[in-house]
Amino acid sequence: MHIAEGFLPPAHAIGWTVAAAPFVVHGARCVVKEVREHPEATLLLGAAGAFTFVLSAIKLPSVTGSSSHPTGTGLGAVLFRPPVMALLGTIVLLFQALLLAHGGLTTLGANAFSMAIVGPWVGYGAYRLVTRLGGGLLPAVFAAMALSDLSTYVTTALQLAWAHPDATSGFLGAAAKFLGVFAVTQIPLALAEGLLGVLLFRVLTVNARPELERLGVLRPETGEPASTGAGELR
C-alpha cells in the first residue's frame, strides 16, 4: 500500500499532505490527553504502535509503485480510537520511509491518509456496528482488523487512479484496474489480519483486562464490549 517516493505528481503529494495534516495534529492532541489521563496505558499505546510498525513493514510484491502487507491499524483504533492512530500510523510511515525506504517522504501524506486515517476510521466503524448489533467482542475485532486493512488498499487504489488515470477510460478505468489488483489480492491478507486480531485480543482479555476496562473497551461488570459510540470519542 505504501506509494513509493516520487510516484505521485507534486500537486497530488501536496494535496494529500494538506488533507492529512489536520487529522495528525488532532491525533497528537489526543495522544497527549490519553497519556495524561491514562498513564498506565502508555505501554499498551506503545505496543499498538509497534504492532502497526511490524505488520506494515512486511513487504510483499504488488503493482508498480506500491506494495501489499497487513496494516495493523485496527488494533489501535479499537483500543485508543481512530484519532490516536492518525498520529501513530503517520509516525510509523515516517520511520519506514526513512529507515526502510518503504514508501516515501513526498508520498507520506497520501500514505498517512489511507493507512493512518481512512483505515482506522473504517475499522472502528465496523467494530462499533458489530458490537451494537450484539455480535460480541471477537467478531467485532475481526471486522475492525479486516476492514481497516481492506479499506486502506481501496483508498490507495483510488489515489493511484486519480494520479494516473487511464489514457482512454480516465479515472474510472484506472480505478477498476487498481481495485482489481489491490482489492482482490488483499482480501486473503485482510482476513488473515482479522484472525490475528482475534488471537491477540484473546490474549489481551486474559492478561490485560484491567487496562481494557480502564480504556472503555470492556465493561468491568460483564467483560462485554463497552457501548461507547463514535460521539463519545476521547
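Basis for what follows: all heavy atoms, side chains included, without hydrogens, waters or symmetry-related copies. Here the structure is a predicted model, which is why all the values come from computation and not from measurement.
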Worksheet entry | Results of salt bridge (Lys or Arg N to Asp or Glu O under 4.0 Å) for Glu211 - residues two or more places apart only | Arg214
Discussion item. I'd like to check Thr107 versus Trp16 (side-chain heavy atoms, cut-off strictly below 4.5 Å). Are they in contact?
Written reply: no
Response to the item:
The single option from Val24, Leu93, Thr52, Leu45 that satisfies side-chain contact (heavy atoms from CB on, under 4.5 Å) with Leu88 is Leu45
Worksheet, complete the sentence: ring-ring contact (aromatic ring centres under 6.0 Å, His included) filter on Phe142, not counting sequence neighbours, yields none
Item to complete: State yes or no: do Leu108 and Val25 share one hydrophobic cluster built from I, L, V, M, F, W and Y residues joined by side-chain heavy-atom distances below 4.5 Å, directly or via other members?
Response: no
Worksheet entry | Qualifying residues under side-chain hydrogen bond (donor to acceptor under 3.5 Å, both in side chains), relative to Ser151, sequence neighbours excluded | none
Practice prompt. Any chance you could measure Tyr124, atom OH, to Thr73, atom OG1, to the nearest 0.5 Å?
Written response: 14.5 Å
Item to complete: Taking side-chain hydrogen bond (donor to acceptor under 3.5 Å, both in side chains) as the test, write out the residues that go with Glu5, two or more places apart.
Response: Thr106
Worksheet, complete the sentence: Residues at least two apart in sequence or cross-chain that pass side-chain hydrogen bond (donor to acceptor under 3.5 Å, both in side chains) with Thr42, listed by chain then number, are none
Worksheet entry | Passing candidate, side chain to side chain donor-acceptor pair (under 3.5 Å) with Ser56, options Gln96, His2, His69 | Gln96
Practice prompt. Measure the shortest side-chain to side-chain distance between Leu212 and Leu204 over non-hydrogen atoms and say whether it is less than 4.5 angstrom.
Written response: yes
Worksheet item: Within a strict 4.5 Å, meaning less than it, do heavy atoms of the His164 and Phe7 side chains meet?
Response: yes
Worksheet item: For Glu193, what residues pass the side-chain hydrogen bond (donor to acceptor under 3.5 Å, both in side chains) criterion, not counting sequence neighbours?
Response: Thr71
Item to complete: Sort out for me which residue in Phe171, Phe178, Tyr153 forms a side-chain contact (heavy atoms from CB on, under 4.5 Å) with Leu158.
Response: Phe171
Discussion item. Within the 4.5 Å heavy-atom criterion, are Ile91 and Phe53 side-chain neighbours or not?
Written reply: no
Fill in: Heavy-atom side-chain contact between Pro83 and Trp121 under 4.5 Å
yes
